**Student:** 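I'd like to ask some things about the structure below.
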Amino acid sequence: MAASNSSFDQTSAVAAEAKNGEDFSVHVFSSSAELLEKLHEKWNSVKQQPYPAMYSSVYGGIILDPAMMVIPMDDHMVHRGHGVFDTAIIFDGYLYELDVHINRFLRSASKARIASPFTFSELKSILIQLSAASKCRKGTLRYWLSAGPGNFLLSPAKCPTSAFYAVVIDEDFTQCKEGVKVITSAIPMKSPLFATMKNVNYLPNVLSVMEAEDKGAFSSIWVDEKGYIAEGPNVNVAFINSDKELILPSFDKILSGCTAMRFLQLAPKLVEQGRLKCVKITDITVEEAKESTEMMYVGSTLPLLPIIMWDEKPIGNGEVGELTMALSDLLWEDMAAGPESQRIPVPYA
């Protein structure tokens, strides 16, 4: 009898769900004005606008209304992942390392077989003007190059032109002085072809971070098929061993981070001071890496984040290292008062 009642209950639940589905009504917007009003309702409820400005080559200009910061559904970056992107920092009214990021952006586009509708100089000008229009003095500048809108096919051959989008994100960030926990990721890393271009296919990266969060960690570390350290989901990783050697993994199978490259230029200052023995790029095994006395993530929006525990085992003494913070200071000083080649003043109105 109990089994019979259970079956009856399940059948009733299915029937009720079906009936509810029949009763569910989808609204049809009668005009663009009605739709825009609905979008404005959403954004008017936000206390502080997180995206003060966007550029779209589809619109052909800068957008300040967040309700209009959209891209076409038939853009191949949306439904096929055929797009590349990059990021720069706005710090105290200056764009940090914009040139090197745009150069990498165009290299990624070339690998993804996407022709830019703009030259390097034009892209740079658009991004500087966008930053100025945003009035944001501290945040991130993200930009994408897509195969473009046009259809829902695999090939972009019939798309009229590629598309360029950029958005300013108003966000605060400070020097990271607290260490974090990481894990070794079980999510397969990207092949070198896709790992060395900054493309929008970030599902492995997303799953890798979610995997870490499930285990109470901040993020993760990828290890390649030979057992060598690769990178984090969206950052490079660096180590200091007991001999005071600063080591970054080889870049042949991973993205060569712009901040990591600048990090390698600045770190020899600690060698000159006798605090580091040397700075090198080489293959490093998991076993060697876990014997490090200090460990850190290196990336644009950090720019340096200490790591104090890996797979539930402490790195060194389990505390943020002195050399880690010295390296962090070098990067922050460079962001705040580095040479003109690294910092472009935003010409706010």
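Computed from a prediction, not measured in an experiment: that's the story for all the values here. Hydrogens, waters and symmetry mates play no part in the numbers below; they use all other heavy atoms, side chains included.
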**Student:** Check whether more than 12 heavy atoms from other residues, nucleotides or ligands sit under 6.0 Å from atom OH of Y51, and answer yes or no.
**Tutor:**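 It does not: Y51 OH has 12 such atoms or fewer within range.
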**Student:** How far apart are the closest heavy atoms of R343 and A337, and which atoms are they?
**Tutor:**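 Minimum heavy-atom contact is NE-N, 3.9 Å.
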**Student:** With a sphere of 6.0 Å drawn around CD of E178, does it hold more than 12 non-hydrogen atoms of other residues, nucleotides or ligands?
**Tutor:**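 Count not over threshold, so no.
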**Student:** To the nearest 0.5 angstrom, please state how far the NZ atom of K269 sits from the CG atom of L276.
**Tutor:**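 K269 atom NZ to L276 atom CG measures 13.5 Å (nearest 0.5 Å).
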**Student:** Would you say V235 and V298 make side-chain contact, with heavy atoms under 4.5 Å?
**Tutor:**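 Side-chain contact under 4.5 Å: no.
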**Student:** Do any pairs count as a side-chain hydrogen bond (donor to acceptor under 3.5 Å, both in side chains) and have a residue in residues 141-152, sequence neighbours left out, and if so which ones?
**Tutor:**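 Listed by first then second residue: D75-S146, H76-N151.
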**Student:** Looking at K190 and E231, is any side-chain nitrogen of the basic one under 4.0 Å from a carboxylate oxygen of the acidic one?
**Tutor:**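 A salt bridge is absent here (no side-chain N lies under 4.0 Å from a carboxylate O).
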**Student:** So, the side chain of K138 versus the backbone of F173: is there a donor-acceptor pair under 3.5 Å, distance only?
**Tutor:**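 The answer is yes, because a donor-acceptor pair under 3.5 Å joins these two groups.
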**Student:** If only atom types and distance count, is the side chain of H82 paired as donor or acceptor with the main-chain N or O of A112 below 3.5 Å?
**Tutor:**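 Yes: the side chain of H82 pairs with the backbone of A112.
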**Student:** Checking the side chain of S162 only, and the main-chain atoms of A115 only, is there a donor and an acceptor separated by less than 3.5 Å?
**Tutor:**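 Checking the backbone N and O of A115 against the side chain of S162, a donor-acceptor pair under 3.5 Å is found.
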**Student:** The test is side chain to side chain contact (heavy atoms under 4.5 Å, CB included); show your working for F164 and E122 and say whether it passes.
**Tutor:** CA-CA 11 Å; F164 178 65; E122 289 169 336; over 6 Å; no
**Student:** When you measure from the side chain of S208 to the backbone of P204, do you find a donor-acceptor pair of N or O atoms at a distance under 3.5 Å?
**Tutor:**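 Not at all, since once roles are kept as given, no pair shorter than 3.5 Å links the two residues.
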**Student:** So if you build clusters from Ile, Leu, Val, Met, Phe, Trp, Tyr with side-chain heavy-atom gaps below 4.5 Å, do I71 and I169 land together?
**Tutor:**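 Per the 4.5 Å side-chain linkage, I71 and I169 are co-clustered.
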**Student:** For a quick test of reading the model, state the closest non-hydrogen atom pair linking V209 to S219 and the distance between them.
**Tutor:**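 Heavy-atom minimum between the residues: CG2-OG, 3.9 Å.
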**Student:** Does S56 reach the main-chain N or O of Y59 with its side chain, forming a donor-acceptor pair under 3.5 Å?
**Tutor:**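 At least one qualifying donor-acceptor pair exists.
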**Student:** Taking the side chain as everything from C-beta on, heavy atoms only, tell me whether I221 gets closer than 4.5 Å to M295.
**Tutor:**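 Sidechains of M295 and I221: in contact.
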**Student:** For K124, check salt bridge (charged side-chain N to carboxylate O under 4.0 Å, His left out) against everything at least two apart and list the hits.
**Tutor:**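 Testing K124 for salt bridge (charged side-chain N to carboxylate O under 4.0 Å, His left out), a comparison that skips the adjacent residues, returns D99.
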**Student:** Hey, what do you get for CD (E211) to NZ (K215), rounding to the nearest 0.5 Å?
**Tutor:**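 It comes to 5.0 Å.
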**Student:** Taking atom CD of Q273 as the centre, report whether more than 12 heavy atoms of other residues, nucleotides or ligands fall under 6.0 Å from it.
**Tutor:**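 Atom CD in Q273 is packed in, count exceeds 12.
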**Student:** For L127 and A166, work out which heavy atoms get closest and say how close.
**Tutor:**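 So the minimum-distance heavy-atom pair works out to CD2-CB, 3.7 Å.
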**Student:** Please tell me if the side chains of K244 and L323 come closer than 4.5 Å, counting only heavy atoms from C-beta onward.
**Tutor:**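 SC-SC contact between K244 and L323 confirmed.
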**Student:** Is a side-chain N or O of D74 found less than 3.5 angstrom from the main chain of G150, in a donor-acceptor match?
**Tutor:**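 Confirmed, D74 side chain pairs with G150 backbone.
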**Student:** Is there a side chain to side chain contact (heavy atoms under 4.5 Å, CB included) between L106 and L123 once you walk through the steps?
**Tutor:** CA-CA 10 Å; L106 291 173; L123 289 170; 3.7 Å; yes
**Student:** Apply the hydrophobic cluster definition, ILVMFWY joined by side-chain contacts under 4.5 Å directly or through others, and give me every member besides I183.
**Tutor:**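 Taking Ile, Leu, Val, Met, Phe, Trp and Tyr as members, I183 stands alone, with no cluster partners.
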**Student:** State, with a plain yes or no, whether a side-chain heavy atom of M54 is found less than 4.5 Å away from one of M68.
**Tutor:**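 When only atoms from C-beta onward are counted, M68 and M54 do not touch, as no gap falls below 4.5 Å.
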**Student:** When you measure from the centre of the six-membered ring of F105, is the NZ or CZ of K198 under 6.0 Å away and within 45° of the axis?
**Tutor:**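 No cation-pi geometry.
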**Student:** How long is the gap from CD on E97 to OG on S341, to the nearest 0.5 Å?
**Tutor:**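 Answer rounded to 0.5 Å: 9.0 Å.
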**Student:** Would you please classify the geometry between the F91 ring and the W332 ring as parallel, tilted or perpendicular, with 30° and 60° separating the classes?
**Tutor:**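 Plane angle over 60°, so perpendicular.
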**Student:** Should L95 and V100 be counted in the same cluster of Ile, Leu, Val, Met, Phe, Trp and Tyr side chains packed under 4.5 Å apart?
**Tutor:**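 L95 does not cluster with V100.
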**Student:** Could you walk me through whether K290 and D311 satisfy the salt bridge (Lys or Arg N to Asp or Glu O under 4.0 Å) test, starting with their C-alpha distance in whole Å, then the side-chain angles of each, then the deciding distance to 0.1 Å, before giving a yes or no?
**Tutor:** CA-CA 9 Å; K290 287 188 174 182; D311 290 336; 2.8 Å; yes
**Student:** Could you tell me whether the side chains of T259 and S300 share a donor-acceptor contact shorter than 3.5 Å?
**Tutor:**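 T259 vs S300: donor-acceptor pair found between side chains.
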**Student:** Whether the side chain of E34 engages the backbone of S30 through a donor-acceptor N/O pair (distance < 3.5 Å, no angle test) should be reported.
**Tutor:**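 Checking the backbone N and O of S30 against the side chain of E34, a donor-acceptor pair under 3.5 Å is found.
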**Student:** Taking only residues two or more places apart in sequence, or in another chain, which ones meet E272 in a salt bridge (charged side-chain N to carboxylate O under 4.0 Å, His left out)?
**Tutor:**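 Partners of E272 by the salt bridge (charged side-chain N to carboxylate O under 4.0 Å, His left out) criterion come out as none, since no residue qualifies.
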**Student:** I'd like to know if I307 and L305 are part of one continuous hydrophobic network [Ile/Leu/Val/Met/Phe/Trp/Tyr, side-chain heavy atoms within less than 4.5 Å].
**Tutor:**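 Yes, because L305 and I307 connect within a single hydrophobic cluster, where side-chain heavy atoms sit under 4.5 Å apart.
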**Student:** I need the full list of ring pair (Phe, Tyr, Trp, His ring centres under 6.0 Å) pairs touching residues 193-227, with sequence neighbours left out, sorted by first then second residue.
**Tutor:**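 Listed by first then second residue: F85-Y202.
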**Student:** Can E291 and S242 be counted as having a side-chain donor-acceptor contact under 3.5 angstrom?
**Tutor:**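 On atom types as modelled, these side chains do not qualify, holding no pair under 3.5 Å.
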**Student:** Hey, does P347 have a side-chain heavy atom less than 4.5 Å from the side chain of I128?
**Tutor:**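 The answer is yes; the side chains approach within 4.5 Å.
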**Student:** Could you walk me through whether M73 and H79 pass side chain to side chain contact (heavy atoms under 4.5 Å, CB included), step by step?
**Tutor:** CA-CA 7 Å; M73 192 65 193; H79 63 85; 5.9 Å; no
**Student:** Go through the structure and list residues passing salt bridge (charged side-chain N to carboxylate O under 4.0 Å, His left out) with D334, not counting sequence neighbours.
**Tutor:**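 Once residues adjacent in sequence are excluded, the partners of D334 under the salt bridge (charged side-chain N to carboxylate O under 4.0 Å, His left out) criterion are R262.
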**Student:** Between L264 and F239, is there a shared hydrophobic cluster once you connect ILVMFWY residues whose side-chain heavy atoms come closer than 4.5 Å?
**Tutor:**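 No, L264 and F239 fall in different hydrophobic clusters.
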**Student:** Roughly how far, to the nearest 0.5 Å, is CG of L35 from NE2 of H27?
**Tutor:**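 Answer rounded to 0.5 Å: 9.0 Å.
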**Student:** If you compare all heavy atoms of A238 against all heavy atoms of L246, which two are closest, and at what distance to 0.1 Å?
**Tutor:**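 Shortest heavy-atom contact: CB-CD1, 4.2 Å.
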**Student:** Going by heavy atoms in the side chains, are L39 and V70 under 4.5 Å from each other?
**Tutor:**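 Sidechains of V70 and L39: no contact.
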**Student:** Check R275 with E322, please: is the shortest side-chain N to carboxylate O separation under 4.0 Å?
**Tutor:**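 Yes, this pair counts.
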**Student:** Between D243 (side chain) and E245 (backbone), is there a donor-acceptor pair under 3.5 Å?
**Tutor:**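 Looks like no, no N/O pair under 3.5 Å.
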**Student:** Which heavy atom in A53 sits nearest to a heavy atom in L64, and how many Å separate them?
**Tutor:**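 Residues A53 and L64, closest heavy atoms: CB-CD2, 3.8 Å.
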**Student:** Check for a donor-acceptor pair, side chain of Y348 on one end and backbone N or O of C136 on the other, with a separation under 3.5 Å.
**Tutor:**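 Indeed, once roles are kept as given, a pair shorter than 3.5 Å links the two residues.
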**Student:** Would you indicate whether the side-chain heavy atoms of Q49 and D170 approach each other to under 4.5 Å?
**Tutor:**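 Heavy-atom side-chain distance check fails, nothing below 4.5 Å.
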**Student:** Do I284 and L255 sit in the same hydrophobic cluster, where Ile, Leu, Val, Met, Phe, Trp and Tyr count as joined when their side-chain heavy atoms come under 4.5 Å apart?
**Tutor:**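 No, I284 does not connect to L255 through the hydrophobic network.
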**Student:** Could you walk me through whether T285 and Y228 pass side chain to side chain contact (heavy atoms under 4.5 Å, CB included), step by step?
**Tutor:** CA-CA 4 Å; T285 66; Y228 292 120; 3.7 Å; yes
**Student:** For L304 and P306, which heavy atoms make the closest approach, and how far apart are they?
**Tutor:**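 It is O-CD, 4.0 Å.
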**Student:** Do K135 and P52 have side chains that approach each other closer than 4.5 Å (heavy atoms only, starting at C-beta)?
**Tutor:**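 Not touching, per the 4.5 Å side-chain cut-off.
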**Student:** CG/L98 to OG/S131 distance, rounded to the nearest 0.5 angstrom?
**Tutor:**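 Output value for this atom pair is 7.5 Å.
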**Student:** Would you say the side chains of N201 and N199 form a donor-acceptor pair under 3.5 Å?
**Tutor:**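 N201 vs N199: donor-acceptor pair found between side chains.
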**Student:** Using a 3.5 Å distance criterion without hydrogens, assess whether the side chain of N236 forms a donor-acceptor pair with backbone atoms of G257.
**Tutor:**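 Present.
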**Student:** Return the CD1 to OG distance between I247 and S292, rounded to the nearest 0.5 Å.
**Tutor:**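 Separation between the atoms: 6.5 Å.
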**Student:** Any chance the side chains of T140 and T87 put a donor and an acceptor closer than 3.5 Å?
**Tutor:**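 There is no such pair (donor and acceptor under 3.5 Å, judged by atom type) between the side chains of T140 and T87.
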